[in-house]
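In what follows, every heavy atom counts, from backbone to side chain, and hydrogens, waters and symmetry copies are set aside. First the proteins, then the strands, lettered A, B, ... as listed; each starts at 1.
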There are 2 protein chains.
Amino acid sequence: MTLGQKIRELRERNQMLQRELASKLEVGDGYLSKIERDQKILKREHLKTLSIIFKCPLKELEALWIATKIYDIVKYEETGLEALRVAEEQINYNKTYAKI
Amino acid sequence: MTLGQKIRELRERNQMLQRELASKLEVGDGYLSKIERDQKILKREHLKTLSIIFKCPLKELEALWIATKIYDIVKYEETGLEALRVAEEQINYNKTYAKI
DNA sequence: TATATTTGACCTAATTAAGTCAAGTCAATA
DNA sequence: TATTGACTTGACTTAATTAGGTCAAATATA
């Protein structure tokens, strides 16, 4: 599940048109179309609006938003999964030693 | 292990000074210092040079390089690990269905 | 045909990349 | 203790990329 898929799902479940949601987010509908297809990524602040409109946990949307950014980095990488594993290791390391 | 740590390790194992390695990479030594401390990230092309100088597998350096980029995204995120998991799911999904 | 969505081309503003350089720190040493 | 050599840091720069869109035309879809 990508963020775009999630947004479309939420929108359709609420029988909302792209035009309507776009206007609530104050963006053009062409742009929303691209967001739902993960061709563009929206501003993080928009997530709050979405979570309110659709009564959906913000944390969930944020995890998808971050994941999309990560995916953008690794999607064409052969070693993508391996890199993910290394990154996880780095997170856990810094959690343990609180180096930040 | 981060890319910076790896580079420093390789450099020291080969008893090379920052100044020397920096000159091989054709960058300033201040810059290399930052790279070894993961304050800056070097150009991907430099990885090839490093792999030749230190006879180290390029793939390994690349995985670290990508991981560092990912880590930069999630390091301050509460939901970092969760997002990583979601990204992995997205990779596996697209591998399976070859949507790219 | 009308309505909804997608696409491509385009744009500007903001951010990140990819550094430099000089001053400062830190440890060993003459 | 003053000096030296290795490294670090902060402030700065410029070039490239990405963010965050718009709009009109093309395409579904009912």
Non-hydrogen atoms of A87(A) and L84(B) that approach each other most closely: C-CD2, 4.3 Å

What is the distance, to the nearest angstrom, from the CG atom on L42(B) to the C1' atom on dG19(C)? 11 Å

Which pairs, with at least one residue in residues 53-63 of chain B and sequence neighbours excluded, count as a side-chain hydrogen bond (donor to acceptor under 3.5 Å, both in side chains)? K6(B)-E60(B)

Can you list the residues that meet the side chain to side chain contact (heavy atoms under 4.5 Å, CB included) rule with L50(B), with sequence neighbours excluded? I7(B), L21(B), L25(B), L42(B), L47(B), F54(B), L61(B)

Could you state the CG-C1' distance from D38(B) to dA18(C), rounded to the nearest angstrom? 16 Å

Treating Ile, Leu, Val, Met, Phe, Trp and Tyr as nodes and any side-chain heavy-atom pair under 4.5 angstrom as an edge, say whether I52(B) and W65(B) lie in one connected cluster. no

Distance in angstrom units between R8(A) CZ and dT5(C) P, rounded: 8 Å

Starting at the 5' end of DNA chain D, which residue's closest nucleotide do you reach first, E36(B) or E45(A)? E36(B)

When you compare the side chain of L64(B) with that of M1(B), does any pair of heavy atoms fall below 4.5 Å? yes

5' to 3' on DNA chain D, which nucleotides open and close the contacts with chain B (atom under 4.0 Å from a heavy atom)? dA6(D) to dA11(D)

Could you check how far NZ of K40(B) sits from P of dA17(C), rounded to whole Å? 9 Å

Sorted by number, residues from residues 46-53 of chain B placing a heavy atom under 4.0 Å from DNA chain C are H46(B)

Heavy-atom closest contact (N14(A) atom, L10(A) atom, distance): ND2-O, 2.7 Å

Would you please name every residue forming a side-chain hydrogen bond (donor to acceptor under 3.5 Å, both in side chains) with D38(B), sequence neighbours left out? T2(B)

Which residues share a side-chain hydrogen bond (donor to acceptor under 3.5 Å, both in side chains) with E9(B), sequence neighbours left out: R13(B)

Contacts of D72(A) that satisfy side-chain hydrogen bond (donor to acceptor under 3.5 Å, both in side chains) - sequence neighbours left out: K75(A)

Any side-chain heavy atom of R8(B) sitting closer than 4.5 Å to one from R11(B)? yes

Between residues 61-69 of chain A and DNA chain D, which residues have a heavy-atom gap below 4.0 Å? K69(A)

Scan for side-chain hydrogen bond (donor to acceptor under 3.5 Å, both in side chains) pairs involving residues 39-52 of chain A, sequence neighbours excluded, and state none if there are none. R44(A)-E77(B)

Nearest heavy-atom neighbours spanning L81(A) and K95(B): CD1-NZ, 3.2 Å

Using heavy atoms and a sub-4.0 Å distance, could you list which residues of residues 13-26 of chain A are near DNA chain D? By number, please. none

Whole-Å distance separating the CD atom of Q39(B) from the P atom of dA17(C): 14 Å

Of the non-hydrogen atoms in I41(A) and K69(A), which two are nearest, and what is the gap between them? CD1-CG, 4.1 Å

Whole-Å gap separating P (dG19(C)) and CG (D29(B)): 14 Å

Which side-chain hydrogen bond (donor to acceptor under 3.5 Å, both in side chains) pairs, counting each pair once, include a residue from residues 16-34 of chain B, with sequence neighbours left out? Q18(B)-E36(B)

Does the side chain of E82(A) reach to within under 4.5 Å of the side chain of I66(B), using non-hydrogen atoms? no

Taking only the side-chain nitrogens and oxygens of R11(A), find out if one of them lies under 4.0 Å from OP1 or OP2 of dT5(C). yes

Distance, rounded to the nearest Å, where I7(A) contributes CD1 and dT5(C) contributes P: 14 Å

Of the non-hydrogen atoms in A83(B) and A63(A), which two are nearest, and what is the gap between them? CB-O, 3.7 Å

Protein within reach of the bases, or only the backbone? For nucleotides 21-30 of chain C, mark each nucleotide 5' to 3' as B, S or -, using heavy atoms under 4.0 Å. ----------

